Amino acid sequence: MTARVGVVVFPGSNCEHDVVEAIDAVGGSGELLWHKDNSLGDVDAVVLPGGFAHGDYLRTGAMARFSPIMDAVARFAQDGGPVVGICNGFQILTEAQLLPGALYKNQGLKFLCEPAVLRVESTGSVLTQGLSVGDEINVPINHFEGNFICSEQVLSQLRDKNQIVLTYRDNPNGATADIAGICNENGNVVGLMPHPERAAHPLLGSTDGAQMLKGLIGID
């Protein structure tokens, strides 16, 4: 059975169609969900895509966190459903306290749009279960507030519980411990700043993101 992946659209999202197309290309079925919906419908996984939810007013993701659909996302996650936040979606997951830490302005206060080499640190997440620890993958970044920050206590917990999913080989934004992506303790909720949907086709320069999306929909 083809896995159905709901992609939540907030006012200001701009990567939702890219995610749907990438999900479809790896064998899943992507469908758009509106942020004012109260239900996720009959989906097997959820993606919060990149963009500028609600114009990124206040703190980035702070307004999107209160969209009606986020209650359904939280319930889905608590029941073990796969949830992935990409870039702005990662920021929303931290604001919704589905993931720890926060995303801050890049070191140097510059918007970054460039390829990034990532190291796989854990295969215990829904996004990296098809990869191997130590793999280096090429997935682009596109953000201004991608600097992951957290307390020493939270960092210690992330390390102890194998929740650091991806790190940058050459840290572009000043993120704590070179972190590019993390997951919750169960591995079913993942947030990452790089865009796997932009590395899912040979014409895009890399297919490394496709392997992550295959993991999300359960394809080896």
Side-chain angles (χ1 to χ4, degrees), residues 6-19 32-40 43 45-79 81-113 125 127 141-155 157-158 163-166 168 172-177 179-186 188-197:
V7 182
V8 179
V9 182
F10 300 91
S13 296
N14 60 20
C15 298
E16 65 271 23
H17 294 288
D18 296 347
V19 174
L32 300 178
L33 304 174
W34 184 232
H35 78 115
K36 287 188 175 182
D37 293 342
N38 292 306
S39 168
L40 298 176
V43 300
V46 175
V47 175
L48 307 184
F52 304 91
H54 296 279
D56 280 350
Y57 295 114
L58 301 180
R59 293 187 312 277
T60 304
M63 295 174 71
R65 177 262 176 276
F66 292 102
S67 289
I69 203 167
M70 288 305 297
D71 287 336
V73 171
R75 291 192 299 270
F76 184 74
Q78 289 162 6
D79 290 339
V83 176
V84 172
I86 301 170
C87 199
N88 193 206
F90 185 9
Q91 296 161 338
I92 295 168
L93 289 177
T94 61
E95 287 289 340
Q97 298 185 359
L98 291 176
L99 288 175
L103 282 304
Y104 193 65
K105 293 179 176 62
N106 296 339
Q107 189 176 53
L109 300 180
K110 291 184 178 181
F111 180 84
L112 299 172
C113 182
S125 82
L127 205 60
I141 58 173
N142 184 64
H143 58 246
F144 179 63
E145 296 187 21
N147 180 354
F148 178 79
I149 58 174
C150 64
S151 67
E152 286 295 328
Q153 180 180 359
V154 168
L155 179 60
Q157 175 182 315
L158 292 175
Q163 292 176 247
I164 299 176
V165 175
L166 299 163
Y168 298 107
N173 54 34
T176 299
I179 289 173
I182 62 172
C183 65
N184 65 347
E185 290 187 36
N186 294 326
N188 66 301
V189 179
V190 182
L192 72 164
M193 289 310 297
H195 287 262
E197 79 280 7

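What's counted below: heavy atoms across the whole structure, side chains too, no hydrogens, waters or symmetry copies. Owing to the predicted nature of the structure, the values given are computational and were not obtained by experimental measurement.
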> Is there a side chain to side chain contact (heavy atoms under 4.5 Å, CB included) between Leu48 and Leu93 once you walk through the steps?
Replying inline: CA-CA 8 Å; Leu48 307 184; Leu93 289 177; 3.7 Å; yes
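- The CD1 atom of Ile69 sits 5.0 Å away from atom CG of Asp37, with the distance rounded to the nearest 0.5 Å.
- In this structure, Leu103 CG and Ile179 CD1 are separated by 10.5 Å, a value rounded to the nearest 0.5 Å.
- Of all the heavy atoms in Pro49 and Asn88, the pair that sits closest is O-CB, 3.9 Å.
- Between Gln107 atom CD and Asn147 atom CG the span is 7.0 Å, to the nearest 0.5 Å.
- Remark: side-chain polar atoms of Glu95 are not paired, donor with acceptor, to backbone N or O of Gly61 under 3.5 angstrom.
- Note on ring orientation: taking the six-membered ring where Trp is involved, the planes of Phe90 and Phe148 are parallel (angle under 30°, cut-offs 30° and 60°).
- Residues Ile182 and Val165 come closest through the heavy atom pair C-CG2, 3.6 Å.
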>> One pair to check against side chain to side chain contact (heavy atoms under 4.5 Å, CB included): Val83 and Val190. What are the steps and the verdict?
In response: CA-CA 6 Å; Val83 176; Val190 182; over 6 Å; no
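- At a threshold of 4.5 Å between non-hydrogen side-chain atoms, the residues Trp34 and Pro68 do not count as touching.
- Listed for the Asn184 side chain is a donor-acceptor partner under 3.5 Å among the backbone atoms of Val189.
- In Phe144, the CZ atom is crowded: over 12 heavy atoms of neighbouring residues, nucleotides or ligands sit closer than 6.0 Å.
- Closest of all the heavy-atom pairs between Phe76 and Leu40 is CB-CD1, 3.5 Å.
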> Given Val7 and Leu33, is the side chain to side chain contact (heavy atoms under 4.5 Å, CB included) satisfied, shown in steps?
Replying inline: CA-CA 6 Å; Val7 182; Leu33 304 174; over 6 Å; no
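- For the residue pair Phe10 and His54, the shortest heavy atom distance occurs at CD2-NE2, 4.5 Å.
- Side-chain polar atoms of Gln91 and Thr60 form no donor-acceptor pair below 3.5 angstrom.
- When all heavy atoms of Gly101 and Thr94 are compared, the closest pair comes out as O-CB, 3.4 Å.
- With hydrogens and angles disregarded, no donor-acceptor distance shorter than 3.5 Å links the side chain of Ser67 to the backbone of Met70.
- When all heavy atoms of His17 and Leu32 are compared, the pair lying nearest together is CE1-CD1, 3.5 Å.
- Side-chain contact of Asn142 with His195: a donor-acceptor pair under 3.5 Å is absent, judged by distance alone.
- Ser125 places a side-chain N or O within donor-acceptor distance of the main-chain N or O of Leu127, the cut-off being under 3.5 Å.
- To the nearest 0.5 Å, the span separating CG on Leu99 from SG on Cys183 amounts to 8.0 Å.
- Within the 4.5 Å cutoff, the side chain of Asn38 has no heavy atoms near those of the Asp71 side chain.
- Here SG of Cys87 is found 8.5 Å from CD of Glu197. Values are rounded to the nearest 0.5 Å.
- Rounding to the nearest 0.5 Å gives a distance of 8.0 Å between CZ of Arg65 and CG of Leu98.
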>> Go through it in stages, so that I can follow the logic: the residues are Asn173 and Tyr168, the test is side chain to side chain contact (heavy atoms under 4.5 Å, CB included), and I'd like the CA-CA distance, side-chain angles, deciding distance and then a yes or no.
In response: CA-CA 9 Å; Asn173 54 34; Tyr168 298 107; 3.4 Å; yes
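- At distances below 3.5 Å, not a single donor-acceptor pair connects side-chain atoms of Asn186 with backbone N or O atoms of Asn188.
- The closest donor-acceptor contact from the side chain of Asn106 to the backbone of Gly146 lies under 3.5 Å.
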